[in-house]
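All values below come from the heavy atoms of this structure, side chains included, with hydrogens, waters and symmetry mates left out. In this chain, residues are counted from 1 in sequence order.
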Amino acid sequence: KWPGKDRGSRHHFATEYGWWAFKSEQFRTAASYGVRAIRLKPWHPVGYKLLLVSLVKGGGKNAPVDEGLPKAEGVPA
């Protein structure tokens with residue numbers, strides 16, 4: 001279900017999808033949803049918890065976003 005336009009709905013969406021990503025061991029994605037949740041409701045602890053456990057459990061397991069992609073010619077890395 002897509003989020004509504006209100007802050008609460010978008011916060012719920014971010015945390016729900018973040019925990020799904022976390023359970024699928026997509027720790028970078030989970031962390032990014034944690035950051036979104038914090039931005040939407042900085043007083044709500046669930047975003048901080050999602051971000052923290054994603055960073056701790058992740059421990060560098062996910063590759064950088066651009067790893068494995070072909071390099072563009074003439075563009076510095």
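Residue Leu50 holds its CG atom at 5.0 Å from CH2 of Trp19, rounded to the nearest 0.5 Å. Here CZ of Arg28 is found 12.0 Å from OG of Ser54. Values are rounded to the nearest 0.5 Å.
Taking a 4.5 Å side-chain heavy-atom cut-off between Ile, Leu, Val, Met, Phe, Trp and Tyr, the cluster of Leu40 contains only that residue. Clustering of Ile, Leu, Val, Met, Phe, Trp and Tyr by side-chain heavy atoms under 4.5 Å joins Trp43 with none of the others.
Note on Trp20 and Val53: same hydrophobic cluster, where clusters join Ile, Leu, Val, Met, Phe, Trp and Tyr whose side-chain heavy atoms are under 4.5 Å apart, directly or indirectly.
Annotation: side chain to side chain contact (heavy atoms under 4.5 Å, CB included) contacts of Ile38 (sequence neighbours excluded): Tyr48, Leu51. His12 is linked by a ring-ring contact (aromatic ring centres under 6.0 Å, His included) to nothing, counting only residues two or more places apart in sequence or in another chain. Applying the side chain to side chain contact (heavy atoms under 4.5 Å, CB included) test to Ala37 and every residue at least two apart in sequence or in another chain returns His11, Ala14, Thr15. Annotation: side chain to side chain contact (heavy atoms under 4.5 Å, CB included) contacts of Arg39 (sequence neighbours excluded): Val35.
The side-chain heavy atoms of Phe27 and Leu55, taken from C-beta on, include no pair separated by under 4.5 Å.
In Lys49, the NZ atom is not crowded: 12 or fewer heavy atoms of neighbouring residues, nucleotides or ligands sit closer than 6.0 Å.
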Show the numbers, then the answer: is there a side-chain contact (heavy atoms from CB on, under 4.5 Å) between Tyr17 and Thr29?
-> CA-CA 9 Å; Tyr17 275 69; Thr29 302; over 6 Å; no
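In terms of modelled atom types and a separation under 3.5 Å, the side chain of Ser9 and the main chain of Asp6 share no donor-acceptor contact.
By the 6.0 Å and 45° rule, Arg10 does not stack over the aromatic ring of Phe13.
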